[in-house]
There are 4 protein chains.
Amino acid sequence: MAPRTEEQFEEIRNIKVNLIVKTAMELFAINGYDSTSISNIASAAGISKGLMYNYFSSKDELLKKVMLSGMENFMLFLEVKDVDSIKKEEIVAFIDGNFNLLQENTEYYKLYFSLAFQPKVFALLSTEFMVIFEQLIEKLVLYYTQKGADKPYAKARLLLATFDGIGIHYLSDIEYFPLDDVRKLTIEML
Amino acid sequence: MAPRTEEQFEEIRNIKVNLIVKTAMELFAINGYDSTSISNIASAAGISKGLMYNYFSSKDELLKKVMLSGMENFMLFLEVKDVDSIKKEEIVAFIDGNFNLLQENTEYYKLYFSLAFQPKVFALLSTEFMVIFEQLIEKLVLYYTQKGADKPYAKARLLLATFDGIGIHYLSDIEYFPLDDVRKLTIEML
Amino acid sequence: MAPRTEEQFEEIRNIKVNLIVKTAMELFAINGYDSTSISNIASAAGISKGLMYNYFSSKDELLKKVMLSGMENFMLFLEVKDVDSIKKEEIVAFIDGNFNLLQENTEYYKLYFSLAFQPKVFALLSTEFMVIFEQLIEKLVLYYTQKGADKPYAKARLLLATFDGIGIHYLSDIEYFPLDDVRKLTIEML
Amino acid sequence: MAPRTEEQFEEIRNIKVNLIVKTAMELFAINGYDSTSISNIASAAGISKGLMYNYFSSKDELLKKVMLSGMENFMLFLEVKDVDSIKKEEIVAFIDGNFNLLQENTEYYKLYFSLAFQPKVFALLSTEFMVIFEQLIEKLVLYYTQKGADKPYAKARLLLATFDGIGIHYLSDIEYFPLDDVRKLTIEML
DNA sequence: AATGAATGAGTCTTCATTCAT
DNA sequence: AATGAATGAAGACTCATTCAT
């Protein structure tokens with residue numbers, strides 16, 4: 001057997017890291033961060049406890065990776081053209097996309113909401129959150145300003161707050177929450 | 001040398017229960033439920049660990065009492081006249097009252113939001129929450145129906161979701177969140 | 001109200017002591033010594049925890065009193081005339097009496113057996129046990145010697161051992177253990 | 001650098017399990033179950049508290065294993081040929097074997113007797129005990145029946161009760177109890 | 001890269017005992 | 001004589017983390 005090449009090692013690492021992150025996300029979402037032990041994750045992922053520490057230096061770091069990995073979609077989605085003007089259709093598309101993400105990644109969003117408000121987690125990720133958050137605000141303020149709206153900053157913040165509120169209520173009650181109607185109302189409100 | 005009277009005991013107990021609930025609420029809000037130990041609470045309250053169990057049979061029960069104690073204001077506030085019609089001013093008053101509560105009880109609301117999405121906590125309190133929640137929905141649906149609005153149920157749910165969203169964003173960023181402007185916007189939106 | 005006389009106090013004390021001992025015996029028998037707390041006993045007896053310590057300086061001492069109080073019947077029963085000769089009828093009466101005690105005080109004997117073999121308890125009471133035990137042995141040895149039996153000491157000890165064995169098996173299986181037949185066999189065996 | 005093989009792990013585990021069971025048995029026998037803490041056992045065995053739980057999921061389970069491990073000799077010994085007739089020599093051999101076991105495993109029997117009457121323990125092991133017990137009874141009844149004895153069931157139960165009685169008295173007073181003489185008497189009594 | 005035995009600090013909880021009243 | 005609030009040491013158990021192999 002020829003020794004594995006550097007690329008092969010790299011690939012193994014990637015596969016394992018993804019496996020662990022995915023497993024951890026599910027367990028964190030179902031049982032909460034504190035009630036999920038490294039052992040739980042390791043055995044659910046079919047690897048040993050010790051190996052976890054080959055990839056993540058601590059449970060906290062694993063959590064960070066889990067959160068950030070879930071954020072990727074989100075960030076990808078945000079890559080709007082950095083222009084000086086912004087059209088209504090873009091905002092509508094953004095809102096729509098948001099709702100789609102929510103519906104398609106309930107797992108991740110449950111985790112996101114269950115963790116984002118735990119002080120420890122928030123502290124861990126506040127920087128990353130802030131960056132995204134401020135980009136968004138900036139765009140929305142720009143939009144409202146262009147529209148000539150009153151209190152554009154307050155409106156922007158209210159819109160984002162509303163998104164989170166909807167997310168929480170939807171995830172707490174997926175069966176009955178009238179998401180599609182609420183989506184329409186939100187867009188009308190613009 | 002005579003034993004204390006029942007009233008004296010009662011008073012001691014009340015003082016201690018309040019002290020413990022207050023201390024626990026603060027620590028839960030700051031550090032989260034799981035990261036706050038009974039030891040932390042006891043020493044912050046200046047009592048012994050053992051005494052905690054004289055008043056609360058478990059950490060879970062303490063949490064429950066903490067949450068319910070905080071809910072009292074809220075419930076009091078909700079005692080609207082049970083009529084068949086509801087006026088706009090009542091809804092405005094309700095929204096206004098809500099914002100005031102939020103500003104005046106940031107401590108409790110931080111706890112509320114940080115805990116409400118932990119599965120364990122939710123399970124513990126879901127019944128109590130549901131009752132309040134459904135009362136609210138009912139009233140708001142009534143309001144929108146009277147107003148002849150389209151999709152009254154979706155609107156009611158959106159409004160409550162928006163409140164929670166605002167709550168979260170405000171509490172995560174008390175300093176910069178434009179609460180008063182947002183309050184006005186919310187009322188206008190009715 | 002005239003102050004209580006010394007005798008009245010004495011009587012109160014006696015009533016309370018008996019109440020506590022009786023209650024403790026029941027709880028110890030049902031749940032075991034370690035699993036019965038002073039609180040349990042106090043509340044079952046309808047008194048306060050603190051008062052317990054007015055009558056018994058410690059839980060260990062309470063146990064001791066409980067055991068000794070139960071032994072009283074037993075000891076009373078043993079008061080055979082201290083003579084130099086002993087008749088078969090006396091031994092038979094003794095055995096018979098023993099069986100009767102067993103049947104009439106199952107509660108106490110359960111406790112006795114469940115506790116007597118716990119090292120802590122045995123240590124606590126070994127002196128008291130020994131005294132009784134040696135009196136018995138002495139008498140039985142005398143009986144077997146008079147009878148001209150071989151190995152009178154071994155026979156005496158075997159007889160006492162057999163009693164305990166019967167007691168244990170009977171109490172572990174009151175429903176099915178053929179106590180009356182065994183009683184007859186034991187007496188025949190003399 | 002390669003991980004240990006499964007066999008190596010297996011060996012480590014066996015050594016540790018045996019060490020823990022042995023240590024626990026001694027301490028349980030000396031101090032009783034409730035008065036022996038996991039800490040006591042761990043430090044007597046020279047391992048950490050945490051490691052205990054790698055091998056036994058609870059103190060109760062440890063007790064169970066300790067009892068069952070001690071029972072093994074016993075059960076091995078009981079494997080008499082399942083025939084329809086049973087000879088006196090077999091019973092004698094059985095009794096003899098019993099006495100030998102008692103002398104050779106005083107540690108285990110002390111534990112057995114100190115625990116068998118604690119309700120909790122009995123509940124934990126009653127099934128296992130019952131099986132053995134009923135096998136024994138069956139054999140002895142068969143023996144007495146073949147012999148044409150009167151009341152074979154009562155005799156069988158008396159014999160087993162006597163064994164336990166002897167066990168208890170011997171273990172409470174190993175130095176002076178005339179075990180060999182009692183053994184002879186027991187055999188003669190058949 | 002991979003394993004799982006081992007550690008030890010920390011968690012919730014219980015309870016005998018003390019003490020002010 | 002009587003109460004029950006208060007203490008603190010101890011107990012069973014968990015788990016992130018380390019490390020020899």
Side-chain angles (χ1 to χ4, degrees), chain A residues 4 8-9 12-13 16 34-43 47-60 62, chain B residues 1-6 8-13 15-16 34-42 46-60 62, chain C residues 4 8-9 12-13 16 34-43 47-60 62, chain D residues 1-6 8-13 15-16 34-42 46-60 62:
Chain A
R4 272 180 268 230
Q8 284 174 314
F9 275 125
I12 291 176
R13 288 191 68 87
K16 284 285 159 80
D34 286 285
S35 301
T36 303
S37 71
I38 292 285
S39 280
N40 292 156
I41 299 168
S43 73
I47 62 169
S48 74
K49 243 184 320 187
L51 191 55
M52 298 281 310
Y53 286 84
N54 243 323
Y55 296 108
F56 305 93
S57 64
S58 71
K59 197 186 174 187
D60 270 13
L62 171 58
Chain B
M1 303 278 179
R4 271 179 270 231
T5 64
E6 184 51 37
Q8 286 172 308
F9 281 130
E10 185 70 19
E11 201 197 331
I12 292 176
R13 281 198 295 266
I15 291 172
K16 286 293 156 73
D34 286 290
S35 302
T36 303
S37 72
I38 293 286
S39 282
N40 293 156
I41 298 169
I47 61 170
S48 71
K49 250 183 313 185
L51 190 57
M52 296 278 319
Y53 288 87
N54 239 325
Y55 296 108
F56 304 92
S57 63
S58 67
K59 196 186 173 187
D60 270 14
L62 172 58
Chain C
R4 273 180 267 233
Q8 285 174 313
F9 276 126
I12 290 177
R13 289 192 66 88
K16 285 285 159 82
D34 287 285
S35 302
T36 303
S37 71
I38 292 285
S39 280
N40 293 154
I41 299 168
S43 73
I47 63 171
S48 74
K49 244 183 324 186
L51 191 54
M52 298 281 310
Y53 287 84
N54 244 324
Y55 297 109
F56 305 93
S57 64
S58 71
K59 197 185 175 189
D60 270 12
L62 172 57
Chain D
M1 305 281 180
R4 273 179 271 231
T5 65
E6 183 50 39
Q8 287 173 309
F9 281 130
E10 183 70 21
E11 203 197 328
I12 292 177
R13 280 197 296 265
I15 291 172
K16 285 293 156 70
D34 286 290
S35 302
T36 303
S37 72
I38 293 286
S39 280
N40 294 155
I41 298 169
I47 61 170
S48 72
K49 250 184 312 185
L51 191 56
M52 296 280 319
Y53 289 88
N54 239 326
Y55 296 109
F56 304 93
S57 62
S58 69
K59 196 185 173 189
D60 270 13
L62 172 58

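Proteins come first, then strands; the chains are lettered A, B, ... in the order of their sequence lines, and each starts at number 1.
Across the protein-nucleic acid pair, A:Ile41 atom CD1 and F:dT17 atom P stand 11 Å apart, rounded to whole Å. Rounded to a whole Å, the CG atom of D:Leu62 is 13 Å from the C1' atom of F:dC13. Between C:Arg13 atom CZ and F:dA1 atom C1' there is a gap of 9 Å when expressed in whole angstrom units. Separating the CZ atom of B:Phe56 from the C1' atom of F:dA6 is a distance of 15 Å, rounded to the nearest angstrom. One interatomic measurement links the two molecules: CZ of B:Phe9 to P of F:dG4, which rounds to 6 Å at whole-angstrom precision.
When all heavy atoms of B:Ile38 and B:Tyr53 are compared, the pair lying nearest together is CG1-OH, 3.7 Å. Heavy-atom minimum distance, B:Ser35 versus B:Asn40: O-OD1, 3.8 Å. Of all heavy-atom pairs spanning A:Thr36 and A:Lys59, the tightest one is O-NZ, 2.7 Å. Residue A:Met52 comes nearest to A:Ala42 through the heavy atom pair CG-CB, 4.1 Å, listed as atom of the first residue, atom of the second, then distance.
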Bracket string, DNA chain E, 5' to 3' - pairs by Watson-Crick or G-U geometry under 3.5 Å, | interstrand: .||||||||||||||||||||
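When the side chain to side chain donor-acceptor pair (under 3.5 Å) test is applied to A:Asn54, no partner is found at least two apart in sequence or on another chain.
Considering only side-chain N and O atoms, B:Arg4 lies nowhere under 4.0 angstrom from the phosphate OP1 or OP2 of E:dA20.
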Protein-to-nucleotide contact annotation, 5' to 3' order, nucleotides 7-12 of chain E [B base; S sugar-phosphate only; - none; under 4.0 Å, heavy atom]: BB-BSS
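Note that OH of D:Tyr55 is 8.0 Å distant from CD1 of D:Ile47, once rounded to the nearest 0.5 Å.
Salt bridge present: D:Glu6 and D:Arg13 bring a charged side-chain N and a carboxylate O closer than 4.0 Å.
Backbone-only contact: C:Tyr55 has heavy atoms under 4.0 Å from sugar-phosphate atoms and none from a base.
Under a 3.5 Å cut-off, the side chain of D:Gln8 and the backbone N or O of D:Thr5 do form a donor-acceptor pair.
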